[in-house]
Amino acid sequence: MRVSRLMLVTLRDVPADAEIPSHQLLVRGGFIRRIGAGIYAYLPMMWRVLRKINAIVRDELNSLGALETLLPQLQPADLWERSGRWQGYTAGEGIMFHLEDRQNRELGLGPTHEEVITELAGDLLRSYRQLPVTLYQIQTKFRDEIRPRFGLMRGREFIMKDAYSFHANQDDLEATYQAMAAAYARIFKRCGLEAVAVDADSGAIGGAASQEYMVTAEAGEDLILTSSDGLYAANQEKATSLPPLAQPLEAGSDRIIDTPDQVSIEQLCVANGLDPTQTVKVLVLLARLDDGREQPTLVSLRGDQVLNEVKLANAVSRSLDATVLEISPISEQQLRQQGLSEFPFGSIGPDLSDTELRGCRSWQSHFLRLADATALDLPRFVCGANSRDQHFWGRTWDAIPTQIRADLRTAHAGEQCVHDPSQTLSACRGIEVGHIFQLGRKYSEALDARFTNSAGQQEALLMGCYGIGISRLAQAAVEQHHDDAGICWPVGIAPFQVIVVIAKMKDSNQVALGEGLYQSFLDAGIDALLDDRDERAGVKFKDADLIGIPWRIVVGRDAGDGEVEVVERSACKSTTMDHQEAYRQVKESILNTLRPEI
RNA sequence: CGGGGAGUGGCGCAGUUUGGUAGCGCGCUUGCUUUGGGAGCAAGAUGCCGCAGGUUCGAAUCCUGUCUCCCCGACCA
């Protein structure tokens, strides 16, 4: 491709709405343009990058025997009602774009495809003899994100590869899951990405085992905790660690103490010479569930610990056998709306009585009581006395209503690892580009997708699902590979692998040599770009740096002697050599990088 | 959803306080000079100042409404 014909429009100024480097560079380099909030056009060079990524993904998945397919984006609501996700995805999170057609039928724009694929599988897969099967598609997904941002990183319309596997037994599911994990590792490597697999929460998709693939980068939206020995890595949403040891509460008479204006753990500890680990704090929250219930919830944590909302939502969902749509602190205004009197906020203990809820309008009339192990393991502690400005010193769990024990605390960097206490956790940020799940029978049971097993019995299909954010991956690659001058595309996904820059178009020697080199690369099957614009050399160099083509060959002053300059973009390393040698070296390097693992 | 900010040529911005009919840099067009790291000079083109109402002799500017976009938050009593 000739740059003069490429519709290359580069920007010198940083676009005002772009915050992070990858977003700025993709816009400046003429890769993407914003059409609306979270909606982007992929310009021709970007589309080349995306197609390269797609090709790698297809290659690896096809080699596993997965079958490519294409499913509808417009999906009937009743399919989602049967899986129980319509409420959660529309009214709850509101993440699904939905609409009514002219017959007043409700439809959703697919944010994911479990429902459709499970329906199909139930129809088509009737016998264990057909299993296992893995289907995948690469397609645009729609999600009405609460807050789209960072360009392609969190868009409302984005390209995703999603795969679904179907199995007759758990061993088979695990085998495919492992094979998929291995394929993912190869995909990210071939895309030139530094990615780490971490234990993850399975979130709204549901299911058991799940791992996320994170591209490490400063701008990442997720916090990852890893052990120094490399044996443990998890998203902070899911991570576990050993909590610091608690200080024993010195023996002494149990009593009520006055604690005026001591409404936070910090104030309480400062005023009474306590360590936070000697206290229990109680959060009063309201959980809204997908079956319409509004469940008042008391959560007890050791005073020094921080609530992990994801763990909490999962624990509440498990305890009540319904999906949590939202959990938030109860406000005084909400209490008034329920016709309840004020709670003793700041002095609440785990034994706050259910009578406090008597006569409420729409809430459940009893508390769901959950406690983190750090709190339950304290033999004696200080907590609120359920009476304003008073705390209980030397409380024990004996006289307190039964608590549901759960891991509810947030793990932090610096804490000891569960698998090996001599290791500590450290933190880094990451961009989630892939996620694999063992779904189990969640969707197949809901949608009645059954097969006949070898014993002649009807059984729900076991499922796995596996996603890669293609467009997000492309931007993550830029986030991981750029410098002050622009993008440094990894060779595997670069829109072009080499750019031949003719420094001065009026010099016929340069033009002839440049054209020859360009043609040679094309003949070798390499994606080459020829900068044939009648621009000053400086402009061409700046543009080449910005758009990040991995190899650049400058045909300039020494063209008369057959000498050219070879520049490796990522290393900013420049060498002058004979043009034939330059061609040979660059070609070899590109072809070797594209087939690394052999 | 709550809070903040912004909509002026393709991009980045000034002008709005104090109303008088629109400007700068980059980009674009033409010409000359330049020619290895975003050139110089000269001459041009490009605006329903987000949209709709209102006030006024007169509105980018004041008032009302509305739409859109960006940022922060969604929270530990």
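Quick note on labels: first sequence line is chain A, next is B, and so on, each numbered from 1.
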- Want to settle it: does L307(A) or R533(A) sit nearer the 5' end of RNA chain B, counting the closest nucleotide to each? R533(A)
- Query: Is the ring centre of F381(A) less than 6.0 Å from the ring centre of W397(A)?
  - Reply: yes
- Query: Is any side-chain N of the basic residue among R2(A) and E515(A) closer than 4.0 Å to the acidic one's carboxylate O?
  - Reply: yes
- Y518(A): ring pair (Phe, Tyr, Trp, His ring centres under 6.0 Å) partners, not counting sequence neighbours: none
- Item | Closest nucleotide among C13(B), C75(B), C70(B) to the A16(A) side chain | C13(B)
- Pairing partner of U34(B), by Watson-Crick or G-U wobble and under 3.5 Å for both distances, is none
- Note on the structure: Under a 3.5 Å limit on both distances, the Watson-Crick or wobble mate of G25(B) is C11(B)
- Task: Find the partner of A52(B): check Watson-Crick (N1-N3 plus N6-O4 or O6-N4) and G-U wobble (N1-O2, O6-N3) distances, both under 3.5 Å, and reply none if neither fits.
- Result: U64(B)
- Message: Any strand counts, and the cut-off is 3.5 Å on both contacts for Watson-Crick or G-U wobble. Which nucleotide pairs with C1(B)?
- Response: G73(B)
- Query: Taking protein heavy atoms under 4.0 Å as touching, what does nucleotides 24-37 of chain B look like 5' to 3' if B marks base contact, S marks sugar-phosphate-only contact and - marks none?
  - Reply: -BSS------BBBB
- Note on the structure: Sorted by chain and number, sequence neighbours left out, salt bridge (Lys or Arg N to Asp or Glu O under 4.0 Å) with D254(A) holds for R380(A)
- Item | Aromatic contact, F521(A) with W551(A) (centres under 6.0 Å) | no
- Message: Please give the distance between the C1' atoms of G9(B) and U29(B) as a whole number of Å.
- Response: 15 Å
